[in-house]
Amino acid sequence: MQKAYKKYFWLFVLPTLAAFTLFFIIPFIMGIVLSFCKFTTVTNATWVGIRNYQRAFSNRDFIDSLLFTAKFTIVSVITVNVFAFILAYALTRGIKGTNLFRTVFFMPNLIGGIVLGYIWQLLINGVLARFGVTITTDAKYGFWGLVILMNWQLIGYMMIIYIAGIQNIPTELVEAAKIDGATRLQTLFKVTIPMVMPSVTICLFLTLTNSFKLFDQNLALTAGGPGKQTAMMALDIYTTFYNRNGWEGVGQAKAVMFFILVGILALSQLYFTRSKEVEN
Amino acid sequence: MKMKKFLAMTMAMAMVAGLATGCGSSSEGGSSEGGATQGSEAASSGEQGSVYYLNFKPEVAEVWESIAKQYTEETGVDVKIKTAASGQYEQTLKSEIAKKDAPTLFQINGPQGYANWKDYTMDLKDTDLYSMLLDPELAITDGEGVYGIPYIEEGYGIIYNAEIMDKYFAMDGAKVKSVDEINNFDTLKAVVEDMTAKKADLGIDGVFSSTSFAPGEDWRWQTHLLNLPIHYEYEAKGVTDEAEITFDYNENFKNIFDLYINNSVTEPAMVGSKSVDDSMAEFALGKSAMVQNGNWAWGQISAVEGNTVKEDKIKFMPIYTGMEGEETQGICIGTENYLCVNTEASDADKQASLDFMKWVFSSDEGKDIVTNQLGFITPFNTFSEEESPSDPLAKEVIRYMGDSKLTSVSWDFQTFPSQTFKDNLGAALLQYSTGSEDWTQVVEDTIADWKVEKEATAE
């Protein structure tokens, strides 16, 4: 039987492999090649070498968006995870209506980014109107608007992961801590948190990459306004690609650099938090 | 065992095949016509071409679909129409044209668009469509070749509600007694400011509709309004395009822009949340007396629920900016819709596309739909004077085009460097409206940005 499996290995792997090659590997390689080309459509490109990469840094847009994205990511990764953990902790205490709360907190995650962006734009503008300003009056409104939006959307999802992590903690550990006379806070910091480190790894990874790659919400909420002050990297790539004739290749070059950056960040974060995980 | 092997093989093949077809149909995107595929197959076998038109105007998407159906019924030629979502034309075209079943007919927005798409535009010099043009100079040419043919003429200016204006003129102490007397900026300013002072009596919230500056909603200012100072600058220098602008008439731009934001339904600080739809709705509901927009806006105004603007009371007024001799200035008339034929299409498809457009703009059935359903003012000699749209704003455009005493302002914004330039200006104007940037800064940035963007897109 074992032999038969081996024999058919390629046959069974083929459909997935074909799909993966067709829809991921080929476009990916094409994308990298195109970043060295000048093109209007993907089928009609001429090689220009590293010119696109030079042009990507010919103005401050890319660096500005990188700084804004970094700032946004730091703030939202911290807030999302802190709030999500607090909620998860509270909702594993056996409060009445736990399931209802969990559902309610999870629901925002089911709404698409563009829709959320427009809804929050209306909400935030409605509130700001009382003070005679709008979300695009100053970059700080857009920044905090994005943070609030991101929190609202991601907390529920991260909360579910944390809940799963907390529920997986063996009860004997908690009981042992109790018998040894640990306070609640001590149990939290010495038992619960170390035990949910695998969840932390996942949640940090998800929030980090999601915040870094944020696009829909950014486009719908502020579209980068005022000016390009709240444009994150994905949005900057998009506007570079579409809003200037002949700059498609530059957008592509930025996208390749963006990919490498996200890759490095995500991998180093994984490596770092993995080392903190406790063997179960 | 043999049987099993065979079965497994077949299953795997079926799965792969399923994948392949799945990919095929998903790449078709939003196209609704199943017939189109058959059409292109027929074309490749050399029998008869088919047409695939990528339409720019979502507001008339359904009309184009019915034209396509009618044409297919009459001639048997397959016509596929696909409409790009508002503001998504370039994006859609970029992805559509790279496909095997690419559009045979598409459109570009002027010289800038031509620069981007010249690898795909066919020379139309010897076509009937080109010979039908009233003024061949309107077409987009490059050397000897003709690459884009305009199919519509549009105009924009200040749209006003004559009912509210008449109410004002009837008041004691009105600055003027009729719209005809408003023929320069000073008079316009005096009237507008007086109307603002009396807005409670006039029953309006502001003279002008909101100066919309929500993301993507600022084209009326960064494109249409900026056209005037740039037009006058080109005229003064005797050029049609510039690598660097001096923005000599920035004060004129400021004149009218200040008038808009200071006499508006919306506070200057709050314009960042307003969209064009908001603006048009305010006008339709009688909350404002004037709004800057083009003749395409009638559809939008009349579609607003509770619209109070009567068809015979909606008129155009030129945009006065305080230029010398502007008493004879008309509204801004031009086009940014040029038809192109995809040079990479098969010969049969090219011919079919040309025949289709010729039919639309010269046959009796086609012309009837163009004037009465599409509501286009066309630049073709095949249309008689009676064959013009009945839409009140289109009528106004025709009236201004026919007025020999007035000079229309051409659409020079076709030469604006890039969308990025426009977006940057829009952002600067918003900052200026909310008071966080002063005018000198706006002017300096605009001049610098023009140069940067012209250089950036020249390469």
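Since the model is a prediction, treat every value here as computed from it, not as a measurement. In the text below, chain A, chain B and the rest are named by the order of the sequence lines, each starting its count at 1.
The 12-atom threshold is exceeded at CH2 of W47(A), counting heavy atoms of other residues, nucleotides or ligands nearer than 6.0 Å. Within a 6.0 Å sphere centred on CZ of F259(A), other residues, nucleotides and ligands contribute 12 heavy atoms or fewer. The environment of CZ in F83(A) is sparse: at most 12 heavy-atom neighbours from other residues, nucleotides or ligands sit within 6.0 Å. Residue Y157(A) places its OH atom among 12 or fewer non-hydrogen atoms of other residues, nucleotides or ligands, all under 6.0 Å distant.
Side-chain atoms of Q88(B) and Y242(A) include no donor-acceptor pair closer than 3.5 Å.
Using a 4.5 Å heavy-atom threshold, the side chains of F39(A) and K94(B) count as separate. Annotation: side chain of R244(A) is not in contact with side chain of Q419(B) (no heavy-atom distance under 4.5 Å).
In this structure, chain A has no heavy atom under 4.5 Å from any part of E344(B). Of the atoms belonging to Q431(B), it is side-chain heavy atoms, and not backbone ones, that fall under 4.5 Å from chain A. Looking at N116(B), both its backbone and its side chain come within 4.5 Å of chain A, counting heavy atoms on both sides. Neither the backbone nor the side chain of A115(B) comes within contact range of chain A; no heavy atoms are under 4.5 Å apart. Residue S58(A) does not touch chain B at all, counting heavy-atom pairs closer than 4.5 Å.
Chosen from F213(B), Y120(B), W117(B), the residue pairing most often with chain A at heavy-atom distances under 4.5 Å is Y120(B). Taking G272(B), S95(B), A214(B) one by one and counting their heavy-atom pairs under 4.5 Å with chain A, the maximum is reached by G272(B). Heavy-atom pairs under 4.5 Å with chain B were tallied for V250(A), N243(A), T239(A); the largest tally goes to N243(A). When S273(B), S436(B), G435(B) are compared by the number of non-hydrogen pairs under 4.5 Å with chain A, S273(B) comes out ahead.
In this structure, CG in L128(A) is found 8.0 Å from CE in M270(B), a value given to the nearest 0.5 Å.
For E336(B), there are no side chain to side chain donor-acceptor pair (under 3.5 Å) partners, not counting sequence neighbours.
Applying a 4.5 Å heavy-atom cutoff, the residues of residues 420-428 of chain B that approach chain A are T420(B), D423(B), N424(B), A427(B).
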